[in-house]
Amino acid sequence: MPLILTEEQTMLQDAADGFLAEHAPLDHLRKLRDDRDPDGLSRDLWRGFGEMGFAGVLIPEAHGGLGLGAVEAGVIAESLGRSLTPSPFMGSAILSAKVLSDGGSEVQQAWLPRIAAGEAVLSLAIDEGAKHAPSRITARAERSGNGFRLNGAKALVLDGHIADALIVAARAEEGITLFLVDPKTDGVAVERTVMVDAHNAARVTLTDVEVDADAVIGAVGGGEALLNPALALGRACAASTLTGAGDQAFKITLEYLRTRKQFGRLIGEFQALQHRAAHLYTELALARAATLAALQAIDAGRDDADLAASVAKAKAGRAAELAVQEAVQMHGGVGMTDAFDVGLYMKRVRVLNELLGDAQFHTERLARSQGF
Amino acid sequence: MTDLDAFRTETRAWLEENCPPEVRGPMASEADTIWGGRDAVFATPGHRLWLERMGARGWTAPEWPREYGGGGLSREEAKVLASELRRIKAQPALASFGVWMLGPALLAFGTEEQKKRFLPEIVRGEIRWCQGYSEPGAGSDLASIQTKAEDRGDHWIVNGQKIWTSYADKADWIFCLVRTDPEAPKHLGISFVLFDMKTPGVTTRPITLISGKSPFCETFFDDVRVEKENLVGTLNRGWDVAKYLLAHERTMIGAMGEVGAGRPLHQTALETIGADAEGRLDDPMLRARIAELEIDAAAFRLAMERAGDQMKAKQAHPAIASMLKYYGSELNKRRHELRMAAGGIDALEWEGERSHGGAAARDWLRTKANSIEGGTSEIQLNIIAKHLLQLPGA
């Protein structure tokens, strides 16, 4: 398969870019932030995502979605990176939808049409410590009566403060197990965490939370089998968002290089800046290629898809990190102001880098997979 | 089963039968490279066989049309062939400036007679080509070339000097930039011509490099007769051909970032340094640097693939070749720095059997030219800034 978007995928990209430019320009994020909006995102916009089909991009048609693939999800994720829009897209439409589509019971899959419609917000609770480390989950699930008793503390639960349901990963005797948990259950404490990029996550504490056996998604001990493909998909889509954010920060910077004058010349005439811009362009092109390749590998069900997602996340993370640093530096003082946009990109890229494993995490994974 | 799956099955079977064992696995040294030519030298009989078999099938130039000796494969089939070759770790059947550089230019600018005459012998590796571009006074500023061609009716008489002519002393023919109109602005008086290196008046003098080897030559032309039928493209518009060819050259040098990979770095490092109890390379800092390089190398390979797909789909600006050249050559230099660090003292040997004649050190030094030849990294960055980013005054 050629490493370029098909015509349909390009149309989807145009639709997503157009929709977000109209309904969620950067001022949308600023307003949510400055108003200290209780949700931290717009539920109307999320319903708009439902109407456009974006929220159900991955959800099978039988459950009210578009039934499209990872590349299409990545295309939308990239648009969200350009617009910096806060949205339950990653937590609900990608991670939760993937887990429930793959392993949910009939009852659990009743959430899917509601996600697709942009009505429900779901979130995946995997991270615990300061760094993403899904192999070291310590939250416990002990047999209790008909079901399980859950204990543990979760962090970076995306938009968890407004989630209608949580997918919690905990360690049972048989191994990692996923549970669908109502956040209103006794013993569940949800604390909203406003992050540096004005997007939101939650810390979720589980204290002797009793759930029925039918809260288990898939098999007891079968959590990793469900999580791994969802994580690969989430990482590749996060790489898309990083690529979009890095690209947009670069575009803004190029425009500045073409218009800002110092010493009587456009600063874009200075070779010191030209070469840095050209290097950055190259890094972003590599990130884009690696990201699209990972998304395609996931759609093709290839064995190396998981590793391809790690390459993409590591590369896109580093390239976007460079893009936002150069953006601020090349803008000079104005780049440091809150009123100017490049700082928003810098903040978002920092959060995205931490999400689902940073460049070090994924580089380490590559080393291990190659046997060193 | 799709056609592509069927093609993969057939290709796999053919390669299984026809790829000699001597050409499977990483190259031990530069001597394993198959350059072909009238005076071809092969490391083993298997290497000769490999060229003959691949050349006869046109698979040394898989995407060229069959009528000119190429493989006639589609882009997708060519990718399958490449992945099957990678799978069995086959060494390249032919290293050829004819395939990488001249061929694409002839396909775009050559006459039917030129294509029929030159392309099939390139595919079969029968004629080895060299490139007469740089001159002592025309390096990064290539369009300043002074080698002049005087019109003598049915032929030209060429006088001048080229430098950094790769393997000129081993090449059979040369593709060469000459000035045919000394009055015109520098880009508009250049023509692109072909001639036999055995023509009277051609002499070459190898230049010894820091690697101790002499891949480059000074090449002198002293009243060399060049037939007019060997002009490629339009008279005085050779710069167009030159630039087109340069884009291919740059892609080729960039690809060294991938094909130069050879034996995995970490294998060398594990042998020299060893592993800790968890099987990790027992030098965490070197391990981290190797792993970062491998992420970049993987992303670069995909960027190369994507650029090819974009070109095929006519979605690419020709200047993306500069991007690949820049990144690939810098990547290859990084890789060889790490290869030296991984090899440690072993990689310092300059001669003798054990080190294959100092292959690691010599290859390391050779890569330093990657970011100079075919246009320096700085020139590539200039081109990106001007043509891809449209920055002012670039």
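Residue numbering restarts at 1 for every chain, and letters A, B, ... go by the order of the sequence lines. Predicted, not measured: the structure shown is a model, and the values here were computed from it.
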Trainee: More than 12 non-hydrogen atoms from neighbouring residues, nucleotides or ligands closer than 6.0 Å to NZ on B:Lys89, yes or no?
Mentor: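 No, the 6.0 Å shell around NZ holds no more than 12 heavy atoms from other groups.
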Trainee: Walk me through whether A:Glu354 and A:His132 qualify under side-chain contact (heavy atoms from CB on, under 4.5 Å).
Mentor: CA-CA 7 Å; A:Glu354 220 50 58; A:His132 179 67; over 6 Å; no
Trainee: What option among A:Arg258, A:Arg276, A:Arg265, A:Gln360 has the most heavy-atom pairs under 4.5 Å with chain B?
Mentor: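 Highest number of heavy-atom pairs under 4.5 Å: A:Arg258.
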Trainee: Taking the side chain as C-beta and beyond, is there a heavy-atom pair between A:His275 and A:His279 under 4.5 Å?
Mentor: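 Not touching, per the 4.5 Å side-chain cut-off.
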Trainee: Any side-chain heavy atom of B:Gln380 within less than 4.5 Å of one from B:Tyr327?
Mentor: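 When only atoms from C-beta onward are counted, B:Tyr327 and B:Gln380 do not touch, as no gap falls below 4.5 Å.
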Trainee: Taking 4.5 Å as the heavy-atom cut-off, does anything in residues 284-296 of chain A contact chain B, and if so which residues?
Mentor: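 Answer by number: A:Ala285, A:Leu286, A:Arg288, A:Ala289, A:Ala290, A:Leu292, A:Ala293.
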Trainee: If I measure from the heavy atoms of chain A, does B:Glu76 come under 4.5 Å with its side chain, its backbone, both, or neither?
Mentor: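 For B:Glu76, the side chain is the part near chain A, not the backbone.
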Trainee: Only pairs of heavy atoms separated by less than 4.5 Å count here; which of B:Ile295, B:Leu270, B:Ile320 has the most with chain A?
Mentor: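 Sorted descending by pairs with chain A, the first entry is B:Ile295.
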Trainee: Between A:Glu326 and A:Thr253, is the side-chain contact (heavy atoms from CB on, under 4.5 Å) condition met? List the steps.
Mentor: CA-CA 8 Å; A:Glu326 291 290 58; A:Thr253 307; 5.8 Å; no
Trainee: Between B:Glu292 and B:Arg289, is a salt bridge (charged side-chain N to carboxylate O under 4.0 Å, His left out) present by the stated rule, with each step listed?
Mentor: CA-CA 5 Å; B:Glu292 278 187 7; B:Arg289 288 180 69 196; over 6 Å; no
Trainee: Do you know which of B:Gln310, B:Arg75, B:Glu378 has the most heavy-atom pairs under 4.5 Å to chain A?
Mentor: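 Between B:Gln310, B:Arg75, B:Glu378, the count favours B:Glu378.
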Trainee: Are more than 12 heavy atoms from other residues, nucleotides or ligands located less than 6.0 Å from atom CE of B:Met340?
Mentor: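 Correct, the count exceeds 12.
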Trainee: Counting only heavy atoms not in B:Asp141, do more than 12 sit closer than 6.0 Å to its CG atom?
Mentor: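 Above 12, so yes.
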Trainee: Under the rule for salt bridge (Lys or Arg N to Asp or Glu O under 4.0 Å), what residues qualify as partners of A:Asp127, not counting sequence neighbours?
Mentor: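 Not a single residue meets the salt bridge (Lys or Arg N to Asp or Glu O under 4.0 Å) criterion with A:Asp127.
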Trainee: Evaluate the side chain to side chain donor-acceptor pair (under 3.5 Å) criterion for residues A:Gln271 and B:Asn382: first the C-alpha distance (whole Å), next the side-chain angles of each, then the deciding distance (0.1 Å), finally the verdict.
Mentor: CA-CA 8 Å; A:Gln271 203 175 39; B:Asn382 284 349; 2.9 Å; yes
Trainee: In this structure, which one of A:Leu5, A:Val57, A:Leu58 forms a side chain to side chain contact (heavy atoms under 4.5 Å, CB included) with A:Glu72?
Mentor: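 That would be A:Val57; it is the only one of A:Leu5, A:Val57, A:Leu58 passing the side chain to side chain contact (heavy atoms under 4.5 Å, CB included) with A:Glu72.
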Trainee: Non-hydrogen contacts under 4.5 angstrom with chain B: give the residues of residues 363-372 of chain A involved, or none if there are none.
Mentor: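 Answer by number: A:Thr363, A:Glu364, A:Leu366, A:Ala367, A:Arg368, A:Gln370, A:Gly371, A:Phe372.
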Trainee: Checking an interface table here. Which of residues 231-251 of chain A come within a heavy-atom distance under 4.5 Å of chain B?
Mentor: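 Residues A:Phe250 are the ones that qualify, each having a heavy atom under 4.5 Å from chain B.
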Trainee: Can you tell me which portion of B:Asp296 sits under 4.5 Å from chain A's heavy atoms? Options are side chain, backbone, both or neither.
Mentor: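 Contact with chain A: backbone and side chain both.
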Trainee: Is any NZ, NE, NH1 or NH2 atom of the basic residue among B:Lys368 and B:Glu337 found under 4.0 Å from an Asp or Glu carboxylate oxygen of the other?
Mentor: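 A salt bridge links B:Lys368 with B:Glu337.
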Trainee: Does a sphere of radius 6.0 Å around CD in B:Gln267 hold more than 12 heavy atoms from other residues, nucleotides or ligands, not counting ones at 6.0 Å or beyond?
Mentor: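 For B:Gln267, atom CD is crowded (more than 12 foreign heavy atoms under 6.0 Å).
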Trainee: Let me confirm one number: the NE2-CG distance from B:His266 to B:Leu286, rounded to the nearest 0.5 Å.
Mentor: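 It is 12.0 Å, given to the nearest 0.5 Å.
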Trainee: Which one of B:Ile384, B:Leu281, B:Leu389 has the most heavy-atom pairs closer than 4.5 Å to chain A?
Mentor: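 Most heavy-atom pairs under 4.5 Å with chain A: B:Leu389.
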Trainee: Assess whether atom CZ of B:Arg280 is packed by more than 12 heavy atoms of other residues, nucleotides or ligands within 6.0 Å.
Mentor: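 Check passes, neighbour count above 12.
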Trainee: Are any side-chain N or O atoms of A:Lys313 and backbone N or O atoms of A:Asn353, one a donor and one an acceptor, separated by less than 3.5 Å?
Mentor: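 At least one qualifying donor-acceptor pair exists.
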Trainee: Checking B:Lys312 against chain A: side chain, backbone, both or neither under 4.5 Å from a heavy atom?
Mentor: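 No part of B:Lys312 comes within 4.5 Å of chain A.
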